Amino acid sequence: MSDKRLVYLDNSATTPVDPRVLEEMLPYFQDKFGNAASRNHSFGWVAEDAVDQARERIAKLLGADPREIIFTSGATEGVNLAIKGVANMYRRKGNHIITAKTEHKAVLDTCKALERQGMEVTYLDVNRQGLVDLEELRAAIKDTTILVALMFANNEIGTIQPVKEIAKICAENKTLFFSDATQAVGKVPVNVKDMGIHILAFSGHKIYGPKGVGALYVSRKNPRVKLTAQIDGGGHERGMRSGTLNVPAIVGLGKACELAGEEMEAETVRLQALRDKIDHELLQMEEVVLNGAKESRLPQLTNISFKHVEGEGLMMTFNENIALSSGSACTSASLEPSYVLKALGLGDDLAHSSLRISLGRFTTEEDVDYAIERIRDGVNHMRSLSPIWEMYQEGIDLDSVEWSEH
Ligand SMILES: *Cc1c(COP(=O)(O)O)cnc(C)c1O
């Protein structure tokens, strides 16, 4: 195909660095290359000042105190430090953690690792919208529960959990509450104090900052949370995360947070209108369903299944021109239907036929119009080749058909 257009609609996977972020970072690679821990000369002071400013900008976006911000290499490390750090530190108090089946692998695999070391983990179910049931959460808490780990917003379907209510239940039961807010920070208002979150992780590269940097908020007061370090060394970051700070990346993360705070409101209005246009146009098609919550959802993301169409094949009709994700995860050799969609109650076929479209700061209305057209054409094309679609159109009840094995 001669169409040279390339539209990026996979902003939930990663975002490009905002040019304003890059500009602030550049001096810290060369002229201002000092080690922020060098307390005895001006190279160190300049770097330390830059780190302090970044800490303040991040704290401001989260409604936290700058001293409550720990720099990490990204959300995966933040999640590991939060969950393992609590499990190690509060071992005498208990060995039970509560999380949900739709969490990111960073959380699920960390919990699995702890289970192998004797921790007990409860994985809550979610409803069709992807929401946890607050009564189920309440009932799951026991004397030995030391942590509730529930994400703020889901990376595949965008569902936003009732974080404030979850926090209230945790407070009533004197259990720590950790939230993986990687998809929420910078996209929707997140205020750790108002919401009652005790530990929160997020990442630079999902908010137009650089890859390989993130931050962990750790409450210092009511409650004062202590985490066992997972990386030992020079005692940086209040002893919770040693290692020379990645100053340019931290500067970038700080700038990204400042911009997110300034632009979130206007950006949300613009992107939600574009997202709603996609929903409106694509959901008009026959045999199409929206996955996850319609209302309690990130403004810039949608996840839609096109029945009787295989998502990976559908993507091949446009993936030279449009980048987005399907509901199948490439695990080494095989195509597995998304465990998030399956947890909502979708069958394998519907999970395999889904697309996640995630918009971002640099998405234009032309991008969206083009994508709608190409996706619609792709679905129609795939269906025109499909005997199953033909049967559906002839009114055959596909659930009653007995498929022969061969
Ligand atoms: C991207 C993502 C992560 C992992 O973040 P990294 O910084 O890439 O390690 C964790 N949780 C959620 C919800 C994410 O979207």
Side-chain angles (χ1 to χ4, degrees), residues 8-17 21 58 62 69-85 99-113 123-124 126 130-132 148-161 163 166 177-188 190 197 199-217 230-231 241 243 246 249-250 252-254 256-257 260 292-293 296-303 323-325 327 329-330 338-341 343-344 356-360:
Y8 185 74
L9 299 177
D10 204 13
N11 287 276
S12 292
T14 194
T15 54
V17 171
V21 168
I58 294 163
L62 302 179
I69 304 302
I70 306 284
F71 290 110
T72 65
S73 64
T76 300
E77 189 197 328
V79 166
N80 271 267
L81 174 53
I83 299 177
K84 291 176 183 169
T99 186
K101 291 181 179 167
T102 49
E103 291 289 311
H104 190 274
K105 285 287 182 192
V107 169
L108 295 177
D109 288 353
T110 298
C111 286
K112 294 256 162 58
Y123 299 89
L124 296 175
V126 297
L131 296 164
V132 295
V148 171
L150 292 171
M151 70 201 318
F152 204 113
N154 185 270
N155 45 299
E156 288 190 35
I157 51 178
T159 296
I160 297 174
Q161 297 294 345
V163 170
I166 292 169
F177 175 32
F178 161 65
S179 191
D180 173 0
T182 312
Q183 293 289 336
V185 168
K187 314 289 165 57
V188 293
V190 173
I197 300 167
I199 315 169
L200 175 141
F202 73 101
S203 186
H205 74 101
K206 307 272 173 88
I207 56 167
Y208 315 98
K211 293 174 180 53
V213 69
L216 190 68
Y217 155 78
Q230 303 299 309
I231 299 179
R241 202 281 193 178
N246 183 350
I250 287 168
L253 181 64
C257 287
S296 184
R297 179 169 54 144
L298 291 171
Q300 81 289 354
L301 182 156
T302 191
N303 187 311
L324 43 72
S325 287
C330 274
S338 146
Y339 66 90
V340 172
L341 296 178
L344 303 182
R356 177 188 72 181
I357 305 167
S358 49
L359 315 180

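The structure presented is a predicted model; accordingly, all values stated were derived computationally and were not measured. Count residues from 1 along the sequence. Just follow the structure's listing: the first ligand is 1, and inside any ligand the first atom is 1.
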To the nearest 0.5 angstrom, please state how far the [atom1] atom of [X] sits from the [atom2] atom of [Y].
X    : Y    : atom1 : atom2 : result
F152 : D180 : CZ    : CG    : 11.5 Å
F202 : T182 : CZ    : OG1   : 9.0 Å
K206 : Q183 : NZ    : CD    : 5.0 Å

Ligand 1 versus E77: contacting region, heavy-atom distance under 4.0 Å: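 Neither; nothing of E77 gets under 4.0 Å from ligand 1.
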
G214 backbone acceptor or donor facing S203 side chain under 3.5 Å: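 Such a contact is absent between S203 side chain and G214 backbone.
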
Atoms in ligand 1 with a heavy atom of [X] nearer than 4.0 Å:
X    : answer
S203 : 6 (P), 7 (O)
G74  : 7 (O)
M151 : 13 (C)

Polar-atom distance check: [X] versus ligand 1, any N or O pair below 3.5 Å?
X    : answer
T76  : yes
N155 : no
A75  : yes
S73  : no

From CA spacing to verdict: side-chain hydrogen bond (donor to acceptor under 3.5 Å, both in side chains), S325, D10: CA-CA 6 Å; S325 287; D10 204 13; 3.0 Å; yes

Heavy atom of the protein closest to atom 13 (C) of ligand 1 (residue, atom name, distance):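 Its nearest protein heavy-atom neighbour is D180 OD2, 3.4 Å.
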
Closest protein heavy atom to atom 14 (C) of ligand 1, given as residue, atom name and distance to 0.1 Å: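 Among all protein heavy atoms, the one nearest atom 14 (C) of ligand 1 is K206 NZ, 3.0 Å.
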
Single hit among N154, N303, T159, T302 for side chain to side chain donor-acceptor pair (under 3.5 Å) with R297: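 Of all the options given, the one that passes is T302.
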
Whether H205 lies under 4.0 Å from ligand 1, heavy atom: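 A heavy atom of H205 does come that close to ligand 1.
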
Heavy-atom pair with the smallest gap, counting every atom of G209 and V17: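 Closest approach of G209 to V17: O-CG2, 3.5 Å.
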
L124 and K101, any side-chain heavy atoms less than 4.5 Å apart: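 No - every pair of side-chain heavy atoms lies 4.5 Å or more apart.
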
